[in-house]
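Since the structure comes first, as structure tokens, the remarks are kept for the end.
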Amino acid sequence: MSERIELHEPFSDAAQQHEAGMLGMYVFLGTEMMLFGGVFAVIFVTRALHPAEFVAASQKLHVFIGALNTGVLLTSSFAVALAVAFARAARARLAAGLLVAAAGLGLVFLGLKAFEYTLEIHEGLLPLFSRPANFSGPVEHLFMNLYLVATSLHAIHMTIGVVLLTGLAWRIARGGVPLPGRVALVENSGLYWHFVDVIWVFLYPALYLAR
Amino acid sequence: MTMDNALERRPNPDDLNDRGLSETQDERVSYLRAGHTLRSWLLTTDHKRIAILYLISVTLFFFIGGAAAALVRADLLTPQADLLTNEGYNRAFTLHGVIMVWFFLIPSIPNTFGNFLIPLMIGARDLAFPRLNLLSWYIYMLGGLFTVFVLIAGGVDTGWTFYTPLSSMFSNGHVVMVAVAVFVVGFSSILTGLNFIVTVHKLRAPGMSWGRLRLFVWAHYATSLILVLATPVLSVTLALVAAERLFGLGIFDPKLGGDPLLFQHLFWFYSHPAVYIMVLPALGVVSELVAASARKPVFGYRFIAGSSIAIAIIGFLVWGHHMFVAGQSMYASAVFSFLSLAVAVPSGIKVYNWTATLYKGHIELDPPFFFAASFIGLFVVGGLTGLVLAMLAVDVHLHDTYFVVAHFHYIMVGGTVSAYFGALHFWWPKMSGRIYPRIWGRLAAIFIFLGFNLTFFPQFILGYLGMPRRYHVYDPSFQVLHVLSSAGASILGVAYLMPFTYLFWSMRYGAPAGPNPWDVRGLEWTVPSPPPKHNFEEIPVVTGPPYDYPLEREGDQGEAGDAAEGNAAEGNAGSRA
Amino acid sequence: MENLAGWASEASAHAASVDRLMLAFTLMMVALSVPVFVLMAVFAVKYRRGRTANRAHPVNRNVWLEVSWAIVPFLLTVVFFVWATKLFADLYDPPADAIAIDVVAKQWMWKFQHPGGQREINELHVPAGEPVKLTMASEDVIHSLYIPALRLKQDVVPGRYTSMWFTADRPGTYKLTCAEFCGVDHSVMGGSFIVMTPAAYERWLGQSQVDDTLAAAGAVLFRERGCSGCHGPGATVHAPPLTGLYGRPVPLEGGGVVTADDQYIRDSILLPQSQIAAGYPHIMPTFQNVLSEEEVLQLVAYIKSLRSGSPEGMRQ
Amino acid sequence: MSLVRTLSLVWAALLGLLLLTLGASFALTGPASLAASLAIAVAKAALIYWFFMHLREEGGLVRLAALGVAAWLVIFTLLTSADYAMRP
Ligand code: HEA
Ligand code: HEA
Ligand code: CUA
Ligand SMILES: [Cu+2]
């Protein structure tokens, strides 16, 4: 299959190009990881400084909505993994369909998240949006600030991912992305999506499951 | 001898009036002439052209930052506040720091010389992701122009370190805007680092094993690791500061149970490794300059290469040495102090190995050698005084005094900026295809060295006497030393302008350089100067180690040896058995 | 140049030790660096290109040599590391009988309160030969109290107490400045550090206008701000008694024990929900925006004075 | 297609781990809870990286890149929390 891969400057063979692309993508995801790493460090330090209040604040989050959302994301990741497998096998329609499904699940995630935010607004727990806000103490306020920052940063990444996947699915369906010639595009978009999923896999216990 | 060769390559060697004025054959097909429109420059994906774009813009920012330094030094001539207001002074040194660090020093060597040379040195046609490379320049310019805009809009007054809660709650400068500018330029760093890593891993010419990489490439590889791993943390930290300022996030605010020191941890987790982003490429340059000046294989290639990686790794473990008196735990301080000593070991290896490289070399006192020598001298002083600062009880006294200012200017200005100029003088013939008058290069190096020491040596004394930094109203008893320092700065300013005159001159009037004007080894010296658009007609096959200068055996000495070696070096350097 | 005495002279034994350390370190730096400079110059001359010299058998690697010039300087610096760390650790170990002076920093001034209640701004008077411990708080941003003649500085961080102690032994007037950049007037946030003979210090204390000792001022606040309503003897609320609290281990709700030091008392007043004493309800309100740092320090002084059996702060 | 089978199994395992971490959070408290939830998150991430993100097909270099970043995050958080843990 490798003969059918399109080559770009300055690469001289397909294997080299594939490895370079893969390495580049992984390094890029590494930088994203360090970006979120800063947020995680802040979360851990806050927890270390105020263990009891942190746990109390965490318990006010909607842990089951969060769990549902984790399930949704994991499932979407599964769909993307399948899509890549089919794209490699040049089954374009199936791949496109799965990408659309994944993006749809991404939208479900964002919808649930928005629903959760509205609940929190009514409970007076969401900083900036709840008026009047109703925090039991400063650390709860701090916790909810962190929660908002972390989840919205994640949501921004999700949104980018949804746009990426839908656009890609559309182009595949229209035949704009010859498969498997440009399967790297599908792989890399997939990697991004999985990565955003992994971030959530850590955010969920760090924020919702502190006991 | 080599000069003559170069002269012969002129279009018409017999016409002595043709002092290199007309184009040579090589130049006609070079990357410089591949398209003359502005568009062909601004949309280029050729790593060499992007390097030139960076060279111009980075140097521009050096002078903007330098102008701010001139303002600072002028103000410090007198102990009272007469030139600038308190606020004006604070804005001046903040912008000096911000511009010099993020818009000059960090991109300086990697994005210009790294960009230009890495593909040439490893035998590739370009970087792995040429379009990303161009994007990186645009992002850099976006951040840079934004900073210039902030400068016009009134500036910031937090220091380049943006300590909270001053930056997040109390400052009345444009903190958010500068944070955005630095955030943006961070992505340029990240993209460059990513590109270098993938390029070095995947685009080496056949036979170019890791053990045959040039030390310059090793240094840039190590730098790229830091760029990629540290920069995102700065991005998120600045984003948090901006959010704190805009929405009262509270992470760094004790009133909500946050901790101001957490900012310092996040900031220095980036910024200490960042100082190695600033110095590692310079160390790589100097390794090249020393080997080239000695025309002898470097002493301890493996140790020098490995020490770059060691510096990159250990450099991540010492950030707490900026927080010894900040209220950090005493035990953490002790650990960070010890690790700071550890990071000196690989630096020491480099310095001593360079010295050993010169032993029994064939040293030509060219401008690059002068710059390399001043780098070594000033880096050693700067580095050793860094160790002074790593000593806990001493840092309690010296922290945030002019001693620190002197320490880092010795490394960053005396060190990296010297290396930057050294690289410019060494590779200028390759980049432009022309030779500049060497005597002027030597003079510039000497003036820079002298001006530099006059500027910054007095600051060590000031610092030990207790003069705090970021002070523009100071005790009159310090005035003498400050005046000396300002006097040095004016010499330095003029000395920095010198090279640009004769380098520009050489572009028109300099003799054509020929592929290997210094008579040294390395793949980049096997291609014409300036190199053609695609670097290599055919990807070279590497069969020998780097720096394979011929060694002398018993008996052949002096001139004879040199002449023999000169002939052997002709043309096929780097790819010989 | 005589003014320099305010900056550079050694006003304590610690300052002299730091200078000795610095001198020794400088000698080591010379030993490590001068060979490099000299050899480079010598080689540049001796092995000039085109000059006849014996260049036979140049080595291009020698692992033992390289390892030794990595290890030897490192071991040398480790000696200094031990020395410097020892000196540094002493700074964290104040003698128990040190005179406790409170420091509050704010943009852009230094405020000092002596235990007897004497206050001063931008000047700090201390007796020679007696240990002094400063407990420092900031009203706004990070500042740093720097007394060059003592070779000491310590950042003053909002939200917590930092401390610094010394025994100044040379009477005289020295400089005191702010070393951490703190905004517009950072460079003028300074004053004098005045070391006096113990007798002169006593006289100086006597001259100052004093309403109350620190602890007594705290006692007044304790009543005025309603603390005594809960913590006082007749209170109906279930709140812990504060007598004898200072220095005692306090079991916390949810496990864990902390020692009731200055920081703990401060946090109990400003962030009462953070560490709840085991067995008590979560009802104590925060005094975050009610009390100034100076008032909190007075309350802390008062609570410290409530040693079991001897409620000395109460007498008025 | 056996690849589909593998991926489905991984998906099932991920959902299983999700239930486990949810359960653990109710059963455990304090440091044990933190440790358990982190360990499970690491396990989930490892599954995703290994199977979904093709680490299992890639060479050592890409694996090293992924692991390296993880190691860096650990250094970063550990050394930072060291300060907090050791403050008096
Ligand atoms: C390019 C930039 C650069 C580099 C490379 C370094 C390198 C080092 N720095 Fe420096 N530093 C800065 C830029 C840099 N620094 C800046 C900008 C600040 C101030 C930031 C601010 O607050 O604004 C600072 C501040 C700073 C501090 C904090 C001071 C304070 O604020 O209180 C400390 C403390 O430990 C320190 C230590 C060191 C050490 C140990 C090294 C080592 O890496 C040096 C290693 C090199 C050598 C030691 C010399 C060569 C070796 C030999 C000749 C062999 C013999 C030596 C031995 C093995 C013992 N630096
Ligand atoms: C990274 C690189 C870098 C570089 C290259 C420089 C270069 C210089 N720096 Fe800079 N400096 C920093 C990084 C750098 N600095 C940082 C990070 C800080 C800390 C900021 C902070 O506290 O937040 C600092 C702080 C700093 C201070 C301390 C301010 C204070 O604490 O109050 C001083 C004071 O002397 C100073 C001086 C100089 C001088 C004289 C030069 C010279 O080398 C500059 C020479 C160049 C020129 C002079 C320009 C060329 C000439 C012209 C444009 C013509 C006009 C000039 C004249 C007529 C003189 N710098
Ligand atoms: Cu207060 Cu600087
Ligand atoms: Cu540092």
Side-chain angles (χ1 to χ4, degrees), chain A residues 8-13 15-54 57 126-129 133 135 137-150 152-153 156, chain B residues 45 47 119 124-132 186-187 189-191 193-199 201-203 206 224-225 227-240 243-244 246-259 261-263 265-266 269-270 534-535 539:
Chain A
H8 300 278
E9 269 290 310
F11 300 106
S12 47
D13 65 77
Q16 186 192 35
Q17 172 168 320
H18 168 84
E19 285 162 21
M22 212 56 180
L23 182 63
M25 192 63 197
Y26 259 91
V27 173
F28 170 71
L29 294 182
T31 68
E32 287 271 46
M33 188 74 109
M34 292 306 290
L35 186 87
F36 277 96
V39 177
F40 280 110
V42 172
I43 293 177
F44 286 130
V45 165
T46 308
R47 180 170 181 167
L49 285 175
H50 312 282
E53 288 156 291
F54 190 95
L126 202 65
L128 297 186
F129 298 100
F135 299 112
V139 178
E140 185 171 297
H141 188 179
L142 175 60
F143 176 86
M144 290 310 293
N145 279 336
L146 276 178
Y147 163 80
L148 184 59
V149 167
S152 55
L153 190 62
I156 293 173
Chain B
T45 53
H47 67 104
R125 293 227 154 93
D126 207 324
L127 290 177
F129 308 114
R131 277 183 297 172
L132 225 49
F187 286 97
S189 295
I190 290 176
L191 293 183
L194 189 155
N195 222 336
F196 284 179
I197 291 180
V198 177
T199 306
H201 271 290
K202 291 294 164 203
L203 288 183
S224 307
L225 291 180
L227 280 172
V228 159
L229 289 169
T231 316
V233 178
L234 176 74
S235 307
V236 73
T237 310
L238 290 177
L240 290 177
E244 181 113 11
L246 295 173
F247 312 119
L249 216 54
I251 296 174
F252 309 126
D253 175 9
K255 290 215 165 67
L256 286 190
D259 180 13
L261 289 197
L262 183 54
F263 170 82
H265 276 298
L266 296 174
F269 178 80
Y270 161 79
H534 283 287
N535 296 354
I539 297 288

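Here is the naming used below: chain letters follow the sequence lines, and residue numbers restart at 1 for every chain.
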- Item | Contacting region of B/F269 [heavy-atom separation from chain A under 4.5 Å] | side chain

- Please flag which part of A/V149 lies under 4.5 Å from any non-hydrogen atom of chain B: side chain, backbone, both or neither. side chain

- So what's closer than 4.5 Å to chain B heavy atoms on A/V45: side chain, backbone, both or neither? side chain

- Task: Taking all heavy atoms of A/M34 and all of B/V233, pick out the closest pair and write down the distance.
- Result: O-CG2, 3.8 Å

- Task: Check each atom of B/A128 against the heavy atoms of chain A and say whether the ones under 4.5 Å are side chain, backbone, both or neither.
- Result: both

- Check whether B/L194 gets within reach of chain A through its side chain, its backbone, both or neither, counting any heavy atom under 4.5 Å. both

- Task: Name the region of A/L49, side chain, backbone, both or neither, that has any atom closer than 4.5 Å to a heavy atom of chain B.
- Result: side chain

- Item | A/N145 side chain near B/L256 side chain, heavy-atom distance below 4.5 Å | yes

- Note on the structure: CD1 (B/I251) and OG1 (A/T46) are apart, to the nearest 0.5 Å, by 6.5 Å

- Do you know which of B/G250, B/P232, B/G258 has the most heavy-atom pairs with chain A at a distance under 4.5 angstrom? B/P232

- Below 4.5 Å from any heavy atom of chain A, which atoms of B/L249 appear? Answer side chain, backbone, both or neither. both

- Query: If you tally heavy-atom pairs under 4.5 Å against chain A, which of B/L262, B/L266, B/L240, B/T199 wins?
  - Reply: B/L262

- Message: Quick check on B/H265 against chain A: is it the side chain, the backbone, both or neither that has a heavy atom closer than 4.5 Å?
- Response: neither

- Note on the structure: Between A/E19 and B/K202, the two heavy atoms sitting closest are OE1-NZ, 2.8 Å

- Task: For chain A, find which of B/T231, B/L229, B/L132 contributes the most heavy-atom pairs closer than 4.5 angstrom.
- Result: B/L229

- Nearest heavy atoms of B/G257 and A/H50, plus distance in Å: O-NE2, 2.6 Å

- Do B/V228 and A/F28 come close enough that some side-chain heavy atom pair is under 4.5 Å? no

- Note on the structure: Counting heavy-atom pairs under 4.5 Å with chain B, the top scorer among A/V139, A/L128, A/V39 is A/L128

